[in-house]
Amino acid sequence: MTSLDALVPYEEALARIVAAAEELRDSRTPATRQVGLWDASGYVLAEDVVADRDQPPFARSAMDGYAVRSVDVMGPEVRLRVVGEVAAGQTASAPLGPGEAIAIMTGAPVPEGADAVQMVEKTRRDGEHVIVAGPLKSGHNIAPQGEDARAGAVVVERGRVIESLTAGVLGSVGAGHVTVYQRPRATVMTTGDELVGLEEVPGPGQIRDSNRRTLMALLEREWCRVVDGGIVADDLAETRRAIREGLEGDVLVLSGGVSAGVYDLVRQALEDEGVEILFHKVRIKPGKPLLFGRHPGGLVFGLPGNPVSTFVTGLMLMAPALRILGHRPEHRTWYVRVPLEGTLPATAGRTSFHPAHIVLGDHDRMAVRYCPWHGSADQYSFARANALIRREPGEPAATDGDLVRVAIPHPLASW
Ligand code: AMP
Ligand code: MG
């Protein structure tokens, strides 16, 4: 038995994948590109973006009402002469003098001479005049120039994902084009003589190649540019040729052919093509055989062929590496402890991920329900789940109300 045949605990396997991905990311100049802000949603910003001018750019009224001099409004009620109006987008035509008021709308620049705004609800118009409730302090209902951000201050940091409000903030400071990180390039290929394309009619003994679809969708969700490497026959020469092409991207993902069968040729083919294998077996269920390797240009995942194993190892071990290579702000899986509804069997020797349903009960109380399934080929039960319950080796059975650990692989990273 070589060290590659040792069963690596889940956390150790994950740590080794994370370390290799970070090393690869940090060893090269990050690939970036310019995108127009209208096309930038979902990208990670590769530069700090600064305010092009003070925000707000002028002292701004926070209310609809009347701009006044606070020294004129010392008493409980003051009568002032209305000398003009300033709406949002306008500027006052003349400065405000003693005893005067200017009608002002939210967002309009405060006229010169004024230092407070009384909201319209606390005023009463009387022809040319307005009766204003006081007293008012200087600065009342005025947002000072530069209160939110000073010109030159960073408003969105490098590494943030451009989403709704972040995109709006970039727009507010005139960032019409931004520098973003390129999406990592991943090639997916599936191995197996039994596989036919999704559009084909399977013959005797054949099945449809569902894993390629699963993995491509998973990789797209992790912000990769995905190259479809097709189906590879269980033949060493053909597997080697396909791998050689697949190694051109940042990540090569293979499904199947990593167990101990006579036709499981992926490891041999990868070694023949110069890929350094870092481990081949992980102490998890589903998904024990999982091959992780690297070469100077990228990482390689050989995922087990059973559809559920492919999915769980893809989500819990491969996806973090892609988030790292994509410079995404969070690569970790988050966990929460949630009360169980129903029961869970005891766990044997491997870290286990059970399909589960998170439900929201009365009074916003979360609960999690185990979804029964019958093995790594049962993608039908598993696909109905919306969460994974994680259990450690040797954990006893759990029953109603016990807190169990639920994995959240996609924590909120930004707006
Ligand atoms: P393997 O890891 O190649 O031994 O495959 C394990 C099991 O997963 C076998 O029953 C395969 O038929 C099935 N399988 C392998 N590849 C795929 C695939 N691409 N789509 C669906 N099932 C697959
Ligand atoms: Mg196979």
Side-chain angles (χ1 to χ4, degrees), residues 4-5 7-8 13 186-222 224 226-243 245-246 251-273 275 277 279-293 300-319 350 352-353 355 373-385:
L4 284 180
D5 294 311
L7 266 180
V8 181
T187 303
V188 180
M189 51 185 70
T190 44
T191 70
D193 285 342
E194 73 277 32
L195 303 176
V196 298
L198 299 183
E199 301 76 16
E200 290 169 49
V201 180
Q206 294 186 320
I207 58 167
R208 294 195 184 91
D209 174 16
S210 60
N211 286 352
R212 194 151 42 98
R213 193 68 201 87
T214 300
L215 287 170
M216 287 177 73
L218 185 60
L219 289 160
E220 274 158 18
R221 196 174 64 172
E222 297 301 345
C224 288
V226 185
V227 178
D228 183 354
I231 299 172
V232 182
D234 290 324
D235 170 86
L236 190 60
E238 204 190 309
T239 309
R240 284 188 61 174
R241 186 194 50 72
I243 285 170
E245 274 177 34
V251 177
L252 170 61
V253 184
L254 297 115
S255 132
V258 291
S259 312
V262 179
Y263 295 103
D264 291 324
L265 305 166
V266 166
R267 174 160 155 194
Q268 182 64 57
L270 286 172
E271 282 173 342
D272 290 350
E273 290 304 321
V275 173
I277 310 293
F279 55 81
H280 190 172
K281 284 181 186 145
V282 183
R283 194 184 292 280
I284 63 168
K285 189 181 174 186
K288 182 164 79 175
L290 179 131
L291 208 152
F292 177 60
V300 181
F301 291 88
L303 306 182
N306 267 312
V308 169
S309 308
T310 299
F311 171 70
V312 171
T313 52
L315 189 64
M316 300 308 295
L317 287 160
M318 177 189 75
R350 292 185 264 161
S352 302
F353 293 100
W373 60 303
H374 55 265
S376 331
D378 182 15
Q379 56 182 326
Y380 307 96
S381 302
F382 221 99
R384 292 192 184 97

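Order of appearance sets the numbers: ligands from 1, and atoms from 1 within every ligand. If you read the sequence from its start, that first residue is 1, and numbering goes on from there.
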Between the CE atom in M189 and the CG atom in L254, the distance rounded to the nearest 0.5 Å is 6.0 Å
For ligand 1, find each of its N or O atoms that sits under 3.5 Å from a protein N or O atom, and tabulate the pairs with distances to one decimal place.
{"unit_1": "ligand 1", "atom_1": "2 (O)", "unit_2": "G305", "atom_2": "N", "d": "3.1"}
{"unit_1": "ligand 1", "atom_1": "3 (O)", "unit_2": "G257", "atom_2": "N", "d": "2.9"}
{"unit_1": "ligand 1", "atom_1": "8 (O)", "unit_2": "G305", "atom_2": "O", "d": "3.2"}
{"unit_1": "ligand 1", "atom_1": "8 (O)", "unit_2": "N306", "atom_2": "N", "d": "3.2"}
{"unit_1": "ligand 1", "atom_1": "12 (O)", "unit_2": "E194", "atom_2": "OE2", "d": "2.7"}
{"unit_1": "ligand 1", "atom_1": "14 (N)", "unit_2": "G305", "atom_2": "O", "d": "3.2"}
{"unit_1": "ligand 1", "atom_1": "19 (N)", "unit_2": "D209", "atom_2": "OD1", "d": "2.7"}
{"unit_1": "ligand 1", "atom_1": "20 (N)", "unit_2": "S210", "atom_2": "N", "d": "3.3"}
{"unit_1": "ligand 1", "atom_1": "20 (N)", "unit_2": "N211", "atom_2": "N", "d": "3.2"}

If only side-chain N and O atoms count, and only distance matters, is there a donor-acceptor pair under 3.5 Å linking T190 with N211? no
If we only count heavy atoms from C-beta on, is the L252 to V275 side-chain gap below 4.5 Å? no
Listed partners of K288 passing salt bridge (Lys or Arg N to Asp or Glu O under 4.0 Å), at least two apart: none
Applying salt bridge (Lys or Arg N to Asp or Glu O under 4.0 Å), name anything that partners E220, two or more places apart in sequence or on another chain. none
Sequence neighbours excluded, which residues qualify as side chain to side chain contact (heavy atoms under 4.5 Å, CB included) partners of V227? R185, T187
